[in-house]
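Below is one structure, written out as structure tokens, with a few remarks after it.
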Amino acid sequence: MFAIALGALVSSQLALMSVLDSTRAERAADQIATSRFTADLIAQTVERATAPIVGTELASQLAAATSTDPQVTSVVSSSLMGAHRQVVDPDPGAATDGNVAVRAAIAQSVIDTATAAGFDPAAAGIDVTTADPLGLEGVGDAAGLPTVVPTDPPNLGLQRVAETTRIVAALAMFVFGFVAVTAHPRPGRGVLWLGVAAVVISGAWLVGLIVTGWIIDLVAETLFGEMLQTVWEDAVPSMLLLVGAGVVLGAAVAVAGTAADGWSRNRDQRRIS
């Protein structure tokens, strides 16, 4: 039972330190929204959508202007955080489609820039009142460009689950640890096995972190996936420190338990003799 509680405690702590961390997520969302990778995606989408309408030269200018438009990058960042809240927060509020919001922001930026350059959208048959006046969704799908967020992110409330698990597991770990030592006929041996459990669980998580990072690298198919990968890479050093400390402390407890058990046996032997 101690091992189960310790495993739950480490799992929930690692979760709260990694992709559930809102501060890291906000930092990563801003980083992804303003990255060269995102700017290139926006530029490609705009150029493909507008070149048949305004010509290659103006389309290139529109793509360059839109890809660095602060209003567009702000919507990308807020859409990423909206998807993050949808997964992490227990009460994320009204959900909006981040992909639609980003396409609308891009279209508005393109139309504003083109209008300022003397281009008349209505004369080109562009209905600015529609949700996707430039047909950006079709262009992105045809070009195989990644979307901003996954379709309909689940509302899982993982933050509250992790926080509750951490509190319950910490209390259970201390209770079962105390019982395991005091109720054991050889308390030193009980301490030894507590240390072994800590080494095994922390060591398993050490391997798990490496495997998880590898899997995240494989599935980053949306900008949201890129954001999670960025959050993960930011959190990995502190998480490795946590599980590494768990291995070291567990080994120290196991050694202490072995020493205490040996001392107890020697004392009992002296009493008998």
Heavy-atom donor-acceptor pair, Thr115 side chain to Ile111 backbone, under 3.5 Å: yes
Note, Val148 side chain near Phe224 side chain (heavy atom, < 4.5 Å): no
hydrophobic_cluster_shared for Val87 and Leu228, side chain cutoff 4.5 Å: yes
Test item: Thr66 side-chain N/O and Ala63 main-chain N/O as donor-acceptor pair under 3.5 Å: no
Euclidean distance, Leu20 CG relative to Ser22 OG, rounded to 0.5 Å: 8.0 Å
Test log, rule side-chain contact (heavy atoms from CB on, under 4.5 Å), inputs Thr164 and Arg160: CA-CA 6 Å; Thr164 303; Arg160 181 174 295 172; 4.0 Å; yes
Heavy-atom check, side chain of Thr50 versus side chain of Val110, under 4.5 Å: yes
Exam field: side chain Arg24 to backbone Thr230, donor-acceptor pair closer than 3.5 Å: no
CE-NE2 distance between Met227 and His84, expressed to the nearest 0.5 angstrom: 5.0 Å
Where Val231 and Ala25 come nearest, the two heavy atoms and their spacing: CG2-CA, 3.8 Å
Nearest-0.5 Å distance, CD of residue Gln61 to CD of residue Glu47: 10.5 Å
Shared hydrophobic cluster, Leu80 / Leu158 (ILVMFWY, side-chain heavy atoms < 4.5 Å): yes
Check: Leu223 and Thr38 side chains under 4.5 Å, non-hydrogen atoms: yes
Any donor-acceptor pair under 3.5 Å from Asp69 side chain to Ser109 backbone: no
Same apolar cluster: Val168 and Val161, side chain cutoff 4.5 Å: no
Rounded distance (nearest 0.5 Å) linking atom CD of Glu163 with atom CD of Gln13: 10.5 Å
Minimum heavy-atom distance Ser77-Asp30, with the two atoms named: OG-OD1, 2.7 Å
Side chains of Leu209 and Trp232 in contact at under 4.5 Å (non-hydrogen atoms): yes
Same apolar cluster: Leu194 and Phe174, side chain cutoff 4.5 Å: yes
Under 3.5 Å donor-acceptor, Asn99 side chain and Val149 backbone: yes
Polar side-chain atom of Ser12 near backbone of Leu9 as donor-acceptor pair, under 3.5 Å: yes
Exercise: identify the closest heavy-atom pair between Val247 and Gly203: CG2-N, 3.7 Å
Side chain to side chain, Ile4 and Met1, heavy atoms closer than 4.5 Å: yes
Exam field: side chain Ser60 to backbone Glu57, donor-acceptor pair closer than 3.5 Å: no
Polar side-chain atom of Ser67 near backbone of Ala64 as donor-acceptor pair, under 3.5 Å: yes
Contact check, side chains of Ile53 and Leu58, non-hydrogen atoms, under 4.5 Å: no
Nearest atoms (heavy-atom pairs only) where Val102 meets Ser79: CG2-OG, 3.6 Å
Non-hydrogen side-chain atoms of Trp205 and Met239 separated by less than 4.5 Å: no
Donor on one side chain, acceptor on other, Gln108 and Asp112, under 3.5 Å: yes
Residue pair Val75 / Gln71, side-chain heavy-atom distance below 4.5 Å: no
Full working for side-chain contact (heavy atoms from CB on, under 4.5 Å) between Thr45 and Ile106: CA-CA 9 Å; Thr45 303; Ile106 292 174; 5.6 Å; no
Met17 to Ala235 - nearest heavy-atom pair and separation: O-CB, 3.2 Å
Phe37 side, atom CZ; Glu226 side, atom CD - distance, nearest 0.5 Å: 5.0 Å
Of Ile32, Asp234, Asp21, the residue whose pairing with Arg27 passes side chain to side chain contact (heavy atoms under 4.5 Å, CB included): Asp234
Hydrophobic cluster identity match, Leu6 and Leu240, side-chain contacts under 4.5 Å: yes
Closest contact, heavy atoms only, Ala3 versus Ile201: O-CD1, 3.1 Å
